[in-house]
S.K.: 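Below you will find the structure I want to go over with you.
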Amino acid sequence: MMTISLEAGKNLLARLNKEQIAAVTQGFGPSLIIAGAGSGKTTVLIRRIVFLLSELNQDPDSILAVTFTNKAAAEMKQRIKVILGEDITRSLAIGTFHSICARLLRQEIDSYEAEEGWRWSRNFAIYDETDSVNVLKAQITALNLDEKVFPAKQIKHAISAIKNDGFMPGTYANNAKTHRETRLAQIYASYQGALASNNALDFDDLILIVNELMSTNPNLLHRWYQRFRNILVDEFQDTNKAQYDLIRMLAVGSPLKKNPIEDGRERSLMVVGDVDQSIYSWRKADFRIILGFQNDFSDCRLIKLEENYRSTATILEVANSIIANNTERLEKVLRCNRSEGAKGQVYEASDEIDEAYYVAEEIKRLKARGRSLSDIVILYRTNAQSRAIEEILVREHIPYTLVGGTRFYERQEIKDVLAYLKLIYNEKDSQAFLRIINVPRRGIGKVALERLHEFAAQEEISLIEACIKAPGIAGLGAKAQQGLKDFGLRFRHWQALAQANVVSELLAAVLKETRYLELLEEEARATKDELTMGRVENIQELLAVAKEFEAIADEANLESFLTRISLVSDLDSFQEGQSAITLMTLHSAKGLEFPIVFLMGLEEGLFPHIRSLDSPPALEEERRLMYVGVTRAADLLYMTLARRRMFQGRFNNGAPGFSSNYSVPSRFLKEISADLIIGFYPDAKPEQTYSDSRRIPNSAERPRANGVSAVPLGQSNAGKAYRMSENGAMRMSGMTGGANQKGDRQFDAQAYPPLKVGDIVQHNKFGLGQVVQVIGEKNKELYNVEFKETGKRLLDPKFARLTKIS
DNA sequence: CACTTGTGGATTTTT
DNA sequence: TCCACAAGTG
């Protein structure tokens with residue numbers, strides 16, 4: 001390893017400023033790096049790792065580097081590999097909290113037993129949002145609770161929050177105060193028990209269980225404490241309590257707070273973050289952790305990277321003038337390294353179609369002026385906004401890559417096929433079982449499944465065993481009996497195959513023997529259905545993914561394949577440099593940089609989002625999101641808004657929180673000094689629009705996406721078609737047919753008695769509640785009602801039947 | 001059991 | 001608008 005230092009050492013400090021050098025070359029101990037947007041923190045992190053290895057003589061496997069996305073981890077590894085070579089890079093632990101914890105649990109979970117006696121084994125499944133919500137639904141029903149009062153999705157979010165705060169079911173139950181908290185504790189416990197019986201963990205468990213292991217098992221903690229002597233955490237402002245507890249335990253070797261980092265050996269802990277870019281509080285990230293870090297580690301070094309190398313002076317000033325309106329900040333000034341640059345360009349469109357046309361026209365002009373399409377990104381607050389711009393981009397023949405939205409691994413056909421692999425890997429995974437037991441059709445319906453469950457419970461055998469013995473189940477049709485038995489035996493055969501074959505071969509065998517792909521191909525040929533054709537392609541793509549995985553993975557087995565795909569996001573497969581513009585949400589854009597940025601939908605109620613308007617901290621988070629968006633831009637910044645926006649099939653009126661047909665420009669626009677932007681005249685009506693003479697015709701006359709035919713009318717509600725593009729990112733290539741624009745719909749102003757704050761009301765689902773807020777005016781108001789059972793809810797009196805009491 | 005039709009209800013961000 | 005799920009039909 002000594003050979004590294006000369007070559008690497010020389011370049012290690014090249015082109016770094018004083019603070020960056022200080023961060024890279026500091027000695028051991030704890031440090032906090034406050035890194036403003038565009039201040040080169042990734043470079044610092046990478047060089048710091050190289051410095052630890054080559055100059056401070058640290059072992060590669062003493063390094064733990066936590067990134068926010070898998071993509072960031074992959075990039076970091078790639079750049080280190082170039083400097084230090086493959087062997088060393090391979091032994092570095094670089095990844096997200098979730099992937100690192102998953103890997104650790106594959107080793108350690110056998111020694112974990114919950115208070116309640118639940119256990120998991122190393123082949124645990126990782127449940128995604130859908131799986132978790134389904135389990136939760138079943139539990140809520142089993143507890144005889146009303147799904148209307150306890151909506152599974154909302155409960156999932158609540159449990160997630162509890163887990164991210166580090167509470168196990170028992171602890172939470174003991175601390176439950178309100179009636180609802182007691183109920184929640186009950187649901188939490190039965191949910192967790194159900195996960196255990198499926199040998200499954202959800203995303204949050206990955207971190208929570210590692211925490212439990214570490215804090216209850218001193219030997220185990222000590223082992224990992226000995227190993228990870230150099231810890232680096234990126235995007236530290238978006239760390240939650242559970243994650244921070246874990247880091248602190250690993251750093252100090254004890255679950256108790258305030259221990260010094262000392263064990264007679266050299267250790268370091270470097271966290272890097274920017275309070276102004278904290279945008280994940282809804283995932284229980286807490287930027288106050290970064291503020292408290294110096295207290296927890298009193299000998300902490302503080303280094304501020306305040307030199308911005310990315311953006312023009314104007315763009316930085318725009319960002320600064322916006323973020324200056326926040327109160328909860330850590331003092332920091334971004335110094336600019338570039339010239340003034342062009343002013344921010346604002347366009348007030350008449351509606352979202354006009355807005356999209358403006359962006360498309362501008363992109364064409366930029367291209368004509370020699371800009372590459374890959375230099376351009378379009379950012380928006382909500383995924384739903386992508387639809388309007390996509391349609392125009394397709395129409396104008398501007399290629400684009402969509403990041404987010406419906407992800408590859410969430411598509412039906414992919415989930416189906418993967419469910420086979422998951423079940424083969426973890427036989428207890430009932431979600432996987434339910435998904436595929438009748439896919440393809442085996443003549444097994446609801447009744448047959450109930451019988452099967454009863455039988456399995458009665459005989460105390462697994463569902464798979466029960467399948468094999470299905471001919472012995474009374475009251476089951478011959479078709480179902482045979483179907484179940486065949487499936488059970490076939491399944492055992494696949495399990496045997498899995499022992500001796502690589503993933504792609506196993507996958508191919510499953511596809512062949514189930515005839516899944518064959519049936520799909522037949523259907524595609526027969527119907528010429530775009531959607532089905534896309535599905536066939538997606539499955540072929542999955543096979544390619546498996547093969548690629550085998551080629552590059554360190555351990556190319558089923559276990560690491562499944563772990564990996566459970567934790568990847570759409571963003572992770574996004575590659576820069578393609579000849580296409582990029583579309584994504586502001587959240588996805590964190591950590592990325594583009595020469596040209598379009599921020600769309602700058603309207604009150606959309607951005608800042610309606611759900612944030614009545615909460616000052618939430619509003620500050622929206623502002624940070626705006627700050628993140630602006631600071632993605634290096635050269636040019638565009639901001640657009642639509643005076644009228646089609647929302648759920650109608651214009652703003654009637655949509656929650658909008659009190660008029662016309663939207664109000666985002667307050668963030670008003671916070672920008674007027675001399676930094678052009679095109680924004682808060683009171684003027686837009687004069688010329690791009691779409692006046694070419695409003696989108698209805699779908700029948702619309703141009704076809706990429707030359708393929710649109711979805712036939714009858715299929716319009718069957719879903720969306722997606723196709724893979726060359727780089728593995730998704731592109732929407734089908735259009736939902738049958739849509740026609742009816743224009744503005746009239747409301748008959750219904751006669752309902754207006755309510756005011758303080759009124760007590762009765763709702764037939766939610767029970768008694770009190771109006772705490774009235775939003776909007778006249779016949780369009782909405783009521784924020786606090787219910788005894790369910791808490792606050794925003795209700796539209798046009799839909800919700802509210803009866804005034806008293 | 002599989003498929004069609006109808007209705008009600010919902011709307012942020014994602015590892 | 002559009003999606004999920006319930007109810008109804010072959």
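Treat the numbers as computed from the prediction; the structure is a model and nothing was measured. Chain naming here is simple, since letters A, B, ... match the order of the sequence lines and numbering starts at 1 in each.
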S.K.: Measuring only between side-chain heavy atoms, which start at C-beta, is A:N70 closer than 4.5 Å to A:S99?
M.R.: yes
S.K.: Tell me whether the side-chain N or O atoms of A:R283 pair up with the base of B:dT13 as donor and acceptor below 3.5 Å, since no angle test is needed here.
M.R.: no
S.K.: Could you tell me how far apart A:Q385 (CD) and B:dT12 (C1') are, to the nearest whole angstrom?
M.R.: 10 Å
S.K.: Regarding A:S99, tell me which of base, sugar-phosphate or nothing describes its non-hydrogen contacts under 4.0 Å with the strands shown.
M.R.: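 Answer is nothing: A:S99 stays at 4.0 Å or more from every strand.
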S.K.: Taking the side chain of A:A448 as its heavy atoms from C-beta onward, which of B:dT14, B:dT12, B:dC1 lies nearest to it?
M.R.: B:dC1
S.K.: Is A:K284 near enough to B:dT13 that one of its side-chain N or O atoms lies under 4.0 angstrom from OP1 or OP2?
M.R.: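 False: A:K284 side-chain N/O out of range (4.0 Å or more) of B:dT13 OP1/OP2.
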S.K.: Any non-hydrogen side-chain atom of A:N326 less than 4.5 Å from a side-chain atom of A:D276?
M.R.: no
S.K.: Taking atom P in both C:dA4 and B:dT13, what distance in whole Å separates the two?
M.R.: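 Each nucleotide's P atom is 15 Å from the other's.
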S.K.: Which nucleotide sits closest to the side chain of A:R387: B:dT15, C:dC2, B:dT14?
M.R.: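 For A:R387, the side-chain atoms sit closest to C:dC2.
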S.K.: Nearest whole Å is fine: how far is B:dT14 C1' from A:H98 NE2?
M.R.: 10 Å
S.K.: Over how many whole Å does the gap from A:Y127 atom OH to B:dT14 atom C1' extend?
M.R.: 20 Å
S.K.: Describe the nucleic acid contact of A:D204 in one word from base, sugar-phosphate, nothing, applying a heavy-atom distance below 4.0 Å.
M.R.: nothing
S.K.: Within this structure, what is the NZ-to-P distance between A:K156 and B:dT12, rounded to whole angstrom?
M.R.: 16 Å
S.K.: Please report the distance, rounded to the nearest Å, between CG in A:N164 and P in B:dT13.
M.R.: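 Interatomic distance, CG of A:N164 to P of B:dT13: 18 Å.
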S.K.: State which residues pass side-chain hydrogen bond (donor to acceptor under 3.5 Å, both in side chains) with A:Q385; sequence neighbours excluded, sorted by chain then number.
M.R.: A:T382
S.K.: Looking at A:K284, I'd like to know if its NZ atom is crowded, meaning that more than 12 non-hydrogen atoms belonging to other residues, nucleotides or ligands lie closer than 6.0 Å.
M.R.: no
S.K.: Is the phosphate of B:dC1 approached by A:R442 (side-chain N or O, under 4.0 Å from OP1 or OP2)?
M.R.: no
S.K.: Establish, from distance only, whether the side-chain atoms of A:D202 and A:Y191 form a donor-acceptor pair under 3.5 Å.
M.R.: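 Yes, A:Y191 and A:D202 have a side-chain donor paired with an acceptor closer than 3.5 Å.
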S.K.: What does A:K479 touch in the nucleic acid at a heavy-atom separation under 4.0 angstrom: a base, only the sugar-phosphate, or nothing?
M.R.: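 It contacts nothing in the nucleic acid.
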S.K.: Is there ring stacking between A:W282 and B:dT13, where the centres must be under 5.5 angstrom apart and the planes under 30 degrees?
M.R.: yes
S.K.: When the distance from CD1 of A:I207 to C1' of B:dT14 is rounded to whole Å, what number comes out?
M.R.: 13 Å
S.K.: So which nucleotide from B:dT13, C:dC5, B:dT15 ends up closest to the side chain of A:K137?
M.R.: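 For the A:K137 side chain, the nearest candidate turns out to be C:dC5.
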S.K.: Between B:dT12 and A:S612, is there an OP1 or OP2 to side-chain N/O distance shorter than 4.0 Å?
M.R.: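 It does not, given that no N or O in the side chain of A:S612 lies less than 4.0 Å from OP1 or OP2 of B:dT12.
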S.K.: Rounding to a whole Å, what distance do you find between A:L586:CG and B:dT14:C1'?
M.R.: 14 Å
S.K.: If you find the nucleotide of DNA chain B closest to A:R441 and the one closest to A:H609, which residue's nucleotide is nearer the 5' end?
M.R.: A:R441
S.K.: Indicate, with a heavy-atom threshold strictly under 4.0 Å, whether A:K153 touches base, sugar-phosphate, or nothing.
M.R.: nothing
S.K.: Measuring to OP1 and OP2 of B:dT13, would you say a side-chain N or O of A:S588 lies under 4.0 angstrom away?
M.R.: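 The answer is no; no side-chain N or O of A:S588 sits under 4.0 Å from OP1 or OP2.
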S.K.: Does any non-hydrogen side-chain atom of A:R632 lie less than 4.5 Å from one of A:V377?
M.R.: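 Contact flag for A:V377/A:R632 side chains = no.
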S.K.: Please confirm whether the shortest side-chain N or O distance from A:N438 to OP1 or OP2 of B:dA2 is below 4.0 Å.
M.R.: yes
S.K.: Rounded to whole Å, how long is the line connecting atom CG of A:N134 with atom C1' of C:dC5?
M.R.: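 So the CG-C1' distance, A:N134 to C:dC5, works out to 13 Å.
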